[in-house]
Amino acid sequence: MKVVKCYISSDHLPFENWHTHTHTHTHHKKCSSVPQFCNSPTMLVMVGLPARGKTYISKKLTRYLNWIGVPTKVFNVGQYRRQAVTTYKNFEFFKPDNEEAMKIRKACASAALKDVATYFSKEQGQVAVFDATNTTRERRAIILSFANERGYKSFVDFLSQQVKFGSPDYADRDCEEAMVDFIQRIDCYRASYMPIDDEKDRNLSYIKIFDVGSRYLVNRVQDHIQSRIVYYLMNIHVTPRSIYLSRHGESELNLLGRIGGDSGLSPRGQKYANALATFITNQNINDLKVWTSHMKRTIQTAETLAVPYEQWKALNEIDAGVCEEMTYEEIQEHFPEEFALRDQDKYRYRYPKGESYEDLVQRLEPVIMELERQENVLVVCHQAVMRCLLAYFLDKPAGELPYLRCPLHTVLKLTPVAYGCKVESFYLNVEAVNTHRDRPGVSEQLLSLSDPLTRIQSTYPSSLMHLQRYFPHIRTYAKTFIFIVYGHIIKKESHKISKAHILLFVFDRAKCLSS
Amino acid sequence: MLDKDVLEHGPRELHQNPLRKIWMPRTSNGLPQRPITQRRVCMTNCPTLIVTVGLPARGKTYISKKLTRYLNWIGVPTKVFNVGQYRRECVKIYKSFEFFRPDNEEGLKIRRQCATTALNDVREYLSVEGGQVAVFDATNTTRERRATIMKFAEQNGFKVFFVESVCEDPDVIAENIVQVKLDSPDYIHTDTEEAVEDFMKRIKCYESSYQPLDENLDKELSYIKVIDVGRRYLVNRVLDHIQSRIVYYLMNIHITPRSIYLSRHGESDLNIKGRIGGDSGLSDRGREYAMKLRKYIQEQNIKELKVWTSQMKRTIQTAESLGVPYEQWKALNEIDAGMCEEMMYEEIQKNFPVEFALRDQDKYRYRYPKGESYEDLVQRLEPVIMELERQENVLVICHQAVMRCLLAYFLDKTADELPYLQCPLHTVLKLTPVAYGCKVESIYLGVDSVNTHRNRPENVMAQRSTEDALQTVPAHF
């Protein structure tokens, strides 16, 4: 069987992988860096009285699974209920003898289950988190038989301790009033509450979490994804803390507009390192851990902080393979097809003999796991790496991840809050080049390979400064040519400015306009 | 905890260690001062003492040995201290279960003595010899004994993590006895039936005084209770990273009989030319091997075999010939030789003679410039090992350096031996877990190939002659 390196187009996304020429049944599986572990979809069923942290865990787990590449979605029955009964009056709705309400609640659960089925069969979902109290054996039996009938695996997550709460139901109530009502609501469930019984339920796959995560009971873990879920749940905590993400200071190669490599800091980069040290000291952080990559520029940045730091090879910048240390123009010159492919699917695109963002995520998973275990951490890393980490904390999908803004000389402070993460951005006032390359915004026709010019022009980061060192007169040329390029260059004319191409590549549109 | 040295003199100059390609700051006296830690697994500052708990024949020694093998492989220096062994050294000849009777004063004295000796050795290992984890393998079935151990640990600044194995399934226990007890030095001169009977009576001696870890009484302790060989786990108060990894590992292993088949890809075009790395296709002989492999696999009649390959052409081509579904793992890719990719050893010697010498000096830790080291490979392969533990019958088609790492894990080879393990082309290694270790069968499928194994030459100094450097390079076209 001939094995060809091919770029799969149309319905599949282009990625660099060895793929067989003829479609055998083996290759309906995605050939990614992540082996496929979910053959049957899995339903994760939350169980617990209100205010046990079910929704918190549902959302967090979903965020993690999506990030590592397992399509996951939360189905929160409370939300269905809020849509059905638009105004919440009081806890009476939850009384076990309130027949009207019972009907609605059952209908909501069924609607949610139906959506789960759609998610699995039509939307290629792999894990569905069924977030509700599910406190009666009867309700759980309905869910489990639903799952069995359709060949879904099920895993029950049982939470038993009380946690703080903050819910849309009580958005405009006074705090104390809300508390009283909520406690009565919990009591409504308590009467019919049947926790998972270690004997009767011994054939179920479940995890019981006690005492805010200091104790776990794990029963019959069936497969890889369940084992990963258990491991994740056992590593997360709710202790307040902050995570600081920063790139290394500006590097010599940054100044030259070259990607990758292992250069040292530029003078401005060193200035940033000093500013970072001051910033960190002023933040007065309790017991801060500092992590860097194995690359010189992050280590130099950390050195200035004058505190112990750990080097992680996993935090190294994305490997650009044959494109290492090239400028974007050089990549366009030597590998125009590759360059175009990267813009078509930046997340999955793998540099020749290098890595993709998708590979990066795999590589960074142990870092995320350890970040979950730790408390206050400062991670000094690189652009692509920081994008991946940020996407995890801010729940950004694969499409957005490679375009997240992570400028040099800016610290992002992430603080977990409620169901998400608060982000504060601190620009430490030391100038640096811009290394961000936006998603090409041109229309479909212009995305063709024969018009790379237009794309480069509109997306290339500003390297005006460095070029001016060598060609102080370059601006005058730029004005003339910009005019042509803005008019959406016609192919014929583009040949005329063959030599000037090169000059055009380096000008940032905005800068030229202003000059 | 600010470093005064840096505050006074500014950031230190960085130098890259030539062997490991790691940037380290150099201080005025040339020595690295502040601990710059390389992220390996164990970030515990205090050593950890793992204490097994359970009746005899519950798999404590199995777990101890397996866990130790895993931890050493991922780079955490670990050692088992089996009290039973200390007892055997003390009481040269084992007579009968009577030694273990709870009313046997003489026996109790000896057993207590052995436990103390073992703990002293633990202290030596963790505090003096640089060990990071010690596994104290004994029944430790009474709360009193466990309290003694905890006091010992506290005095010495060790963290304690209990691993209890609870099992009441008579079949499992019987199988256990057959697999590991009958061959024990204790029963070497006893016939099978007698041995089993004696051992069952031995278990009985412990049963009456057994105090399992209790949810309430022991709720301040850090432990994992493994119930019915992993059907259920109870985990309490995991304190740090290493304990979390231990728990994850224990939750993924199983004892279902199965075999793991390790093979390299068929001979590749670059192999023939004596070039390392790259992403070439199979040679004619390589293709022949793939066909022979297919035949072999079919003849083996393996139940539900999973096939894994790397993402390099040569392993995928090999798998394609098998005609069964397979999964591609990027983690199984061959070691990245960085700047030396696709070079012949002669070329490496010519262009990078110092690098070549450094590699021979410490092949495990040596990192190719802009490439990887075996040490990096092990890190990369850890998820593969974890998944291999979860799976049953698996055929892994990979590469020389990768196969060496995997083999070292299963056969408990040290970091020094690992890079020199023999993994020739066109040979399948069948690994079958047995007793406390792994049985290896090597099956050569009868297709010729080049030899890609390069032994460590005698002269590893940087100034050596080209002849000395290339002394052990295998022949190629």
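Every value quoted in this text rests on a predicted model; they were computed, and no experiment measured them.
Side-chain contact check for A:Lys313 versus B:Glu375: every heavy-atom pair is 4.5 Å or farther apart.
With a threshold of 4.5 angstrom between heavy atoms, A:Met295 approaches chain B through N, CA, C or O but not through any side-chain atom. Proximity to chain A (any heavy atom under 4.5 Å) is shown, for B:Asn236, by both the backbone and the side chain. Heavy atoms closer than 4.5 Å to chain B are found nowhere in A:Glu372, neither backbone nor side chain. Interface remark: B:Glu382 contributes no atoms to any contact with chain A (heavy atom separation under 4.5 Å). Only the side chain of A:Arg373 comes within contact range of chain B, with heavy atoms under 4.5 Å apart. Using a 4.5 Å cut-off between heavy atoms, B:Asp376 contacts chain A through its side chain alone, with no backbone atom that close. Both the backbone and the side chain of A:Arg202 come within less than 4.5 Å of a heavy atom in chain B. Within the 4.5 angstrom heavy-atom criterion, atoms from both the backbone and the side chain of A:Asp198 approach chain B. For B:Leu239, the part lying under 4.5 angstrom from a heavy atom of chain A is the backbone only.
In this structure, the side chain of A:Gln311 engages the main chain of B:Trp23 through a donor-acceptor pair within 3.5 Å.
Atom-to-atom distance recorded for A:Arg363:CZ and B:Gln379:CD is 12.0 Å, nearest 0.5 angstrom. We find the CZ-CG distance between B:Arg231 and A:Asn203 to be 7.5 Å, quoted to the nearest 0.5 Å. For the atom pair CD (B:Gln16) and CD1 (A:Ile299), the distance works out to 8.5 Å, reported to the nearest 0.5 Å. The distance from atom CZ of A:Arg297 to atom CG of B:Leu14, rounded to the nearest 0.5 Å, is 13.0 Å. Put simply, CG on B:Asp240 and CD on A:Gln374 are 10.0 Å apart, with the number rounded to the nearest 0.5 Å.
Within a 6.0 Å radius of NZ in B:Lys225, more than 12 heavy atoms belonging to other residues, nucleotides or ligands are found.
Of the listed residues (A:Ser214, A:Pro366, A:Ala314), the greatest number of heavy-atom pairs within a distance under 4.5 Å of chain B belongs to A:Ser214.
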Item to check | Intermediate values then yes/no, side-chain contact (heavy atoms from CB on, under 4.5 Å), B:Lys219 and A:Arg215 | outcome: CA-CA 9 Å; B:Lys219 67 173 185 278; A:Arg215 195 150 61 93; 5.7 Å; no
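Test B:Arg367, B:Lys21, B:Arg20 against A:His294 for side chain to side chain donor-acceptor pair (under 3.5 Å) and you get one pass: B:Arg367.
Of all the heavy atoms in B:Arg232 and A:Asn219, the pair that sits closest is NE-OD1, 2.8 Å.
Salt-bridge formation is detected for the pair B:Glu342/A:Lys353: a Lys NZ or Arg NE/NH1/NH2 atom is positioned less than 4.0 Å from an Asp or Glu carboxylate oxygen.
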